[in-house]
There are 2 protein chains.
Amino acid sequence: MAAIYTEPHQVTYYESDTKNQMTLAMLVNVAILVSERQNDQLGLSDDVVHGYNVGWVVTQYQMEIKRMPQVDETVTFGTTATGYNKYFCYRDYWVDDAQGQRLATIHSAWVLMSYATRNMVAVIPALVQPYAVPEIKGIKRFPRIHHVELADAAQQDYRVRYYDIDANQHVNNVHYFDWMFDHLGIAYLSSHEIVSLNIRYEHELTVDDVAQSHYQITDHVSRHQITTADGKCAEAEVVWRERG
Amino acid sequence: MAAIYTEPHQVTYYESDTKNQMTLAMLVNVAILVSERQNDQLGLSDDVVHGYNVGWVVTQYQMEIKRMPQVDETVTFGTTATGYNKYFCYRDYWVDDAQGQRLATIHSAWVLMSYATRNMVAVIPALVQPYAVPEIKGIKRFPRIHHVELADAAQQDYRVRYYDIDANQHVNNVHYFDWMFDHLGIAYLSSHEIVSLNIRYEHELTVDDVAQSHYQITDHVSRHQITTADGKCAEAEVVWRERG
């Protein structure tokens, strides 16, 4: 039986947007925090993982959002690992309201990256066994993300700022959401909310990088790509609905 | 006896910088959250204050920082009102570590702004009496902030982004710290930490504004000014020391 970890969280004003709803960046920040707490509880703190000279890197999120938590609302974040294969580990997150209604679900895929080579390495059994999840055959398929046609896309530059950088000298990848959505503009963002989002991360950004944020939008679907001079860093596809 | 409110806070990874220390922006965010909790406890929630068609606006912070809280560290945030006169209310904040050592102190000055006129109005007795603080004669003097000589200053533009905007359609003023410090550069910021900071706010920024961030630096003192096309928004003076 896979280990489950849950923790309450009260949404603060500084985690919220113009509509007093939790931002997607903050929702993912808290989700990751909750899985770090589970790691600690199972004896797999960052320090233990780093002792193998590797670190976990997320490669994909698939999110479904019924509604975002509101400022001052206390919700419950939960997480569990769901399986692993030779290279990938899969983990789910969820957010429930006080009545137990599911507000959001996130499926995710992770790999171990070697600090020595900065490349992906095979899963290390000691780093997955405590989660009590099955080894699975094959690779879990996430929904296809349709590419942005860069030649036809709107583009805006976002220089990486000092406070975007974490202690590993990389950009916390929730900032990609800000870069992807900001130039949809306040008129669109304040009249629409996210129904679902799929994002795939390919390369990390670091100090002195400039993120080029490209998007195309048709009806209620936006496609996004973040690039640097070195190539593609992430791409995403988002379904929106008009706010009620 | 003035009412005091305290609350523990465990610093998370996403509140921290490249040195695993809480960012100044997040420290101020949590301080303000704690004073909102005191407001709620004393029956002076935002809704009650807004019922008078006014809101509290900070005009000045004076901060002294012995050391910033570290990631995962649990500290105690405290706050108390310290006095008021015809127009200004004064409030202190502090952050203590688990041993009761004071890590940071913030003195602040606040005014009531009319939602109808967007101008300052006289203090409303019902909105200060619950804090049980004395009416004081005269105005508390904060340390002088030496002006930036704009013609000689380094300058960089920071366009206001969607996620900088709060539910009042204004920029959360902690973002000014990011704009002020970011272009000091990673070499300076990762080798220095803040000893003290004085900031005075003059005008708010809103959607579609571009913040021009100007600074001059001599030895271990930096002076900053944020302007828009409409004039000065804030100015600050910061004393730094080299990290140990």
Side-chain angles (χ1 to χ4, degrees), chain A residues 9-21 23-26 28-34 36-37 40 45-47 70-72 156-175 177-190 206-208, chain B residues 9-21 23-26 28-34 36-37 40 45-47 70-72 156-175 177-190 206-208:
Chain A
H9 180 82
Q10 186 174 16
V11 180
T12 68
Y13 77 92
Y14 55 82
E15 296 168 353
S16 305
D17 65 11
T18 64
K19 298 297 178 181
N20 278 322
Q21 293 183 331
T23 66
L24 186 68
M26 271 296 177
V28 173
N29 273 336
V30 176
I32 299 301
L33 179 68
V34 165
E36 291 193 350
R37 295 263 167 79
D40 293 347
S45 67
D46 280 355
D47 286 348
Q70 293 284 321
V71 68
D72 293 336
Q156 189 152 298
D157 287 354
Y158 293 87
R159 187 178 53 80
V160 170
R161 297 178 182 174
Y162 179 73
Y163 294 100
D164 297 331
I165 303 285
D166 65 18
N168 295 320
Q169 309 302 310
H170 285 96
V171 173
N172 175 342
N173 61 42
V174 301
H175 294 302
F177 300 135
D178 299 341
W179 299 334
M180 287 177 167
F181 301 151
D182 171 62
H183 67 143
L184 294 176
I186 188 167
Y188 192 84
L189 293 172
S190 60
T206 184
V207 183
D208 294 333
Chain B
H9 180 81
Q10 186 175 15
V11 180
T12 68
Y13 77 91
Y14 54 82
E15 296 168 352
S16 304
D17 64 12
T18 63
K19 298 297 178 180
N20 278 324
Q21 292 183 331
T23 66
L24 187 68
M26 271 296 177
V28 173
N29 273 336
V30 176
I32 299 301
L33 179 68
V34 165
E36 290 193 352
R37 295 263 167 79
D40 292 347
S45 67
D46 280 355
D47 285 348
Q70 293 283 322
V71 68
D72 293 335
Q156 189 151 297
D157 287 354
Y158 293 87
R159 187 178 52 80
V160 171
R161 298 179 182 173
Y162 179 73
Y163 294 99
D164 297 331
I165 303 285
D166 65 20
N168 295 319
Q169 310 301 310
H170 285 95
V171 174
N172 175 342
N173 61 41
V174 301
H175 294 301
F177 300 135
D178 299 341
W179 299 333
M180 286 178 168
F181 301 151
D182 171 62
H183 67 142
L184 293 176
I186 190 167
Y188 192 84
L189 293 172
S190 59
T206 184
V207 183
D208 294 334

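A, B, ... follow the sequence lines: proteins, then strands. Residue 1 opens every chain.
A:Arg161 approaches B:Arg161 most closely through the heavy-atom pair NH2-NH2, 3.4 Å. Considering every non-hydrogen atom in both B:Tyr163 and A:Thr23, the closest pair reads CD2-CG2, 3.8 Å. Across all their heavy atoms, A:Tyr13 and B:Asn29 have their closest contact at OH-O, 3.0 Å.
Using non-hydrogen atoms only and a strict 4.5 Å limit, the part of residues 180-190 of chain A facing chain B consists of A:Phe181, A:Asp182, A:Ile186, A:Leu189, A:Ser190.
Residues passing the ring pair (Phe, Tyr, Trp, His ring centres under 6.0 Å) test with B:His9 are B:Phe77, sequence neighbours excluded. In this structure, the side chain to side chain contact (heavy atoms under 4.5 Å, CB included) partners of B:Asp72, at least two apart in sequence or on a different chain, are B:Gln10. Taking A:Gln70 as the reference, A:Asn20, A:Gln21, A:Arg67, A:Glu73 meet the side chain to side chain contact (heavy atoms under 4.5 Å, CB included) condition, with sequence neighbours excluded.
Residue B:Asn172 touches chain A through its side chain alone, counting heavy-atom pairs closer than 4.5 Å. Contact of B:Val30 with chain A is made through backbone and side chain together, with heavy-atom distances under 4.5 Å.
Here B:Ile32 is the residue among B:Thr12, B:Ile32, B:Val174 with the most heavy-atom pairs under 4.5 Å with chain A. Contact count against chain B (heavy-atom pairs under 4.5 Å) is highest for A:Arg159 among A:Arg159, A:His170, A:Lys19. Each of B:Ile165, B:Val71, B:Asn168 has some count of heavy-atom pairs under 4.5 Å with chain A, and the biggest count is that of B:Ile165.
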